[in-house]
There are 2 protein chains.
Amino acid sequence: MNVDASGGTVGKALDVLDRVAEFNRPVRFAELLAASPYPKGTLYRLMQTLTREGMLVFDPDRQSYSLGVRLVRLAHAAWRTSSLAPIARPHLDALAAETGETVHLAQLDQAQVLYVDKRNTAEPVEMYSSAGKVGPAYCTGVGKAMLAHLPEETLSQIMPLQLFHKFTEHTLTDEAALRAQLAEIRAHGYGFDREEHEPTIICVACPILSERGRVLGALSVTSTTARTNLAALEQLVPRIQQTTTAIAAEVQDWRFPDTVAQ
Amino acid sequence: MNVDASGGTVGKALDVLDRVAEFNRPVRFAELLAASPYPKGTLYRLMQTLTREGMLVFDPDRQSYSLGVRLVRLAHAAWRTSSLAPIARPHLDALAAETGETVHLAQLDQAQVLYVDKRNTAEPVEMYSSAGKVGPAYCTGVGKAMLAHLPEETLSQIMPLQLFHKFTEHTLTDEAALRAQLAEIRAHGYGFDREEHEPTIICVACPILSERGRVLGALSVTSTTARTNLAALEQLVPRIQQTTTAIAAEVQDWRFPDTVAQ
DNA sequence: TACTAGGTTTCATTATTTGAAACCACGTTT
DNA sequence: AAACGTGGTTTCAAATAATGAAACCTAGTA
C-alpha cells in the first residue's frame, strides 16, 4: 500500500511505523520481520531506535511492540494546526443539526480519504473513531469531490494508487469511469456517492477549496436509500456550499494567529 | 524539553516534528531554522523528507509547514492498540455517571502525563481536546500515582526531567518531597492532588497496574474545593479501584485478539 | 543597479546505516 | 543430557546516506 522505496533512513523508519499500525494489535518482532522487506539486523535496529524515541512501545510482558503514545501527542498538535476540524466544528454542528443527517469532514492523505471529523445526530461523537479513519477516495463522495478539483499533475500521481475494488455493484471500477465522473463533479461543484462504497448508503459531497482553488478538504451529508434519495440530497447542496464557503473563508485568515510563539 | 541528542537521523527527524508541533501553527522554514540546532542544509533536507513522507505538509500559499495528516492516521492506530482508552471507555462512562465528577485516564509519555481520555459530565467529550494533551507528572494525581509504582530504575531516569515548577503554593518543588509522597502513595495504593497544579482543583487517583505490577496508566476523579474535599474524594477510592482493577483485568486478555493478521 | 533575506543546491568529507553471519538464550525434541 | 530450532541480539567491514560550509538562486527593497 505504501509506495516508499525512498532510500532514506527516516523513510524506512516511518514505513515500519505504518506496518506496525496495519497490524492493529501489538506485534512481535518476528511477525514484523516477516511482513517487512528489511533484513533482520536492520529492522531490529530500526525498531530499537523508534522505541527509544517513544514512537513504539515495547511490552516486556507480551514481548511485543505497539505504536507509542508520543504519536498521540503529535497527532493532537497535527489535528489542531493542520486539519480543518477545529475551524469546521461549529459549522458541522449546525449542518448536522439542520439536516438531521450524518456529516463527514475529510481531507486527503496521500491517495486516500482521511476523515478528520464527523457528526452523527444519532450517536454522540466518538473520539478517534471518526477522526483518523481512512477510506478509499475513488468510491466515496468526499473522495471524489476532492479528486475532481486536484491539479492534473497530482491526480495522475495518485490515480494509479486507487485500488478500484468493487465494493458494490455501483462502484466505479476503472480510471476512465472515475475520470468521467470527476469531470462532471468539477462542472457542478458537487458530487454523489451512489451506493458505491456500501449498499443503501448515499451521500452528496462538496469540496472545500482555498481562494486559489487548492483542495483543502471535502464535506458530505450522508444518508440511506431507506430514508431519502439523491434528488432530496441535492436540495441540500446550497446549504452545504454555504458551509464549505464559510469554512474556506475562515481558513484564509486562521493560518496565522501569529500569537507569539511558545 | 526533548532529551534527544541521539545521533540517529530518525531521531533528528522526529525532533523536527516535535519542534513543528511546539509552534502550534504553520511555521516557516526560517523560523524553524532559528529554533533548531541543525544547519540550514541539513534541516532543509530533513523537512523535505518529512514532507515527502506526509508527516509534514507544506502550504505553498503561506510558504509554511504544518504537521501532516499522516500523523492523525497513525495516531488513530496508536490510540486503538496502545492506549487504554478503548478498553476503559465503558468503565469511565460508568464511573463518571456515578460520581458526577470529571474522570481522567492518563498514561506516561516519557516523563510527562498524557491524557488519553476524559469524561466530564458537564460538557460532552471533545475530540482530541482531551486525548493527546500532556501535563506535568510531579504535580498531578495521575502523574504521581504512576510515578509511585514505577521501578526505581525508570523513576530515577525520569525524575531529573521533572521541572518542579511551583504552579501553586501546594506544588511539591523538589525530588525529596515528591519521593516522600510517592512512598505514601505506594503504601496506600492511591494518591491525591492537593491543589498542586491549579488552585481549588483537587483529585484522587489510582494507578492501573498489570498482573506483574507494571504501570499501565492511572485513573483520577477530579473536583474542586468548592464542591467537595479530600476526605469525600477518598470515599470514592474503592469504587475507583474497582474500575482500575476491571480495566487491568481486561487489558490482560485484550492484547491478543489474535485474529489472523491483515 | 546593488543589496538582502529566504530558500535551494552542490560536493567532498564524515559517519551512520547496512546486512550477512555469528552468536546467544531457551524451550523442545530425541 | 545432548542436539535442535526458533526468536532475538550483536559484530564488523563495506556501502551508502547524511553532513555542512559555501555557493547559488530568486524575489523583493533600497
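Per chain, numbering begins at 1; letters A, B, ... match sequence-line order. Values in this document were obtained by computation on a predicted structure and should not be read as measured data.
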Looking at [X] and [Y], does any basic side-chain N land under 4.0 Å from a carboxylate oxygen?
{"X": "B:Asp109", "Y": "A:Arg70", "result": "no"}
{"X": "A:Glu53", "Y": "B:Lys12", "result": "no"}
{"X": "A:Glu31", "Y": "A:Arg19", "result": "no"}

Measure from [atom1] on [X] to [atom2] on [N] and round the result to the nearest Å.
{"X": "A:Tyr65", "N": "D:dG7", "atom1": "OH", "atom2": "C1'", "value": "11 Å"}
{"X": "A:Leu46", "N": "C:dT17", "atom1": "CG", "atom2": "C1'", "value": "10 Å"}
{"X": "A:Arg52", "N": "C:dT16", "atom1": "CZ", "atom2": "C1'", "value": "13 Å"}
{"X": "B:Leu43", "N": "C:dT9", "atom1": "CG", "atom2": "P", "value": "14 Å"}
{"X": "A:Gln63", "N": "C:dC26", "atom1": "CD", "atom2": "P", "value": "11 Å"}
{"X": "B:Leu33", "N": "C:dG7", "atom1": "CG", "atom2": "P", "value": "9 Å"}
{"X": "B:Met47", "N": "C:dT8", "atom1": "CE", "atom2": "C1'", "value": "13 Å"}

Exercise for the section: Apply side chain to side chain contact (heavy atoms under 4.5 Å, CB included) to B:Tyr65 and B:Leu50, showing your working. Expected result: CA-CA 10 Å; B:Tyr65 296 84; B:Leu50 287 169; over 6 Å; no
Handout entry: Under-4.0 Å side-chain N/O to phosphate OP1/OP2 contact, B:Tyr44 with C:dT8
Key = yes
Practice task
Would you please confirm or rule out a distance under 4.0 Å between OP1 or OP2 of C:dG7 and any side-chain N or O of B:Arg28?
Solution key: yes
Practice task
Output the single nucleotide from D:dT9, D:dA18, C:dT8 whose closest atom is nearest the side chain of A:Thr9.
Solution key: D:dA18
Between protein and nucleic acid, restricted to nucleotides 20-30 of chain D and to nitrogen or oxygen atoms under 3.5 Å apart, what atom pairs and distances do you find?
unit_1 : atom_1 : unit_2  : atom_2 : d
D:dG20 : OP2    : B:Thr42 : OG1    : 3.3
D:dG20 : N7     : B:Arg45 : NH2    : 2.7

Handout entry: Contacts of A:Phe167 that satisfy ring pair (Phe, Tyr, Trp, His ring centres under 6.0 Å) - sequence neighbours left out
Key = A:His165, A:His197
Practice task
For the residue pair B:Arg52 and B:Phe58, establish whether any side-chain heavy-atom pair is separated by less than 4.5 Å.
Solution key: no
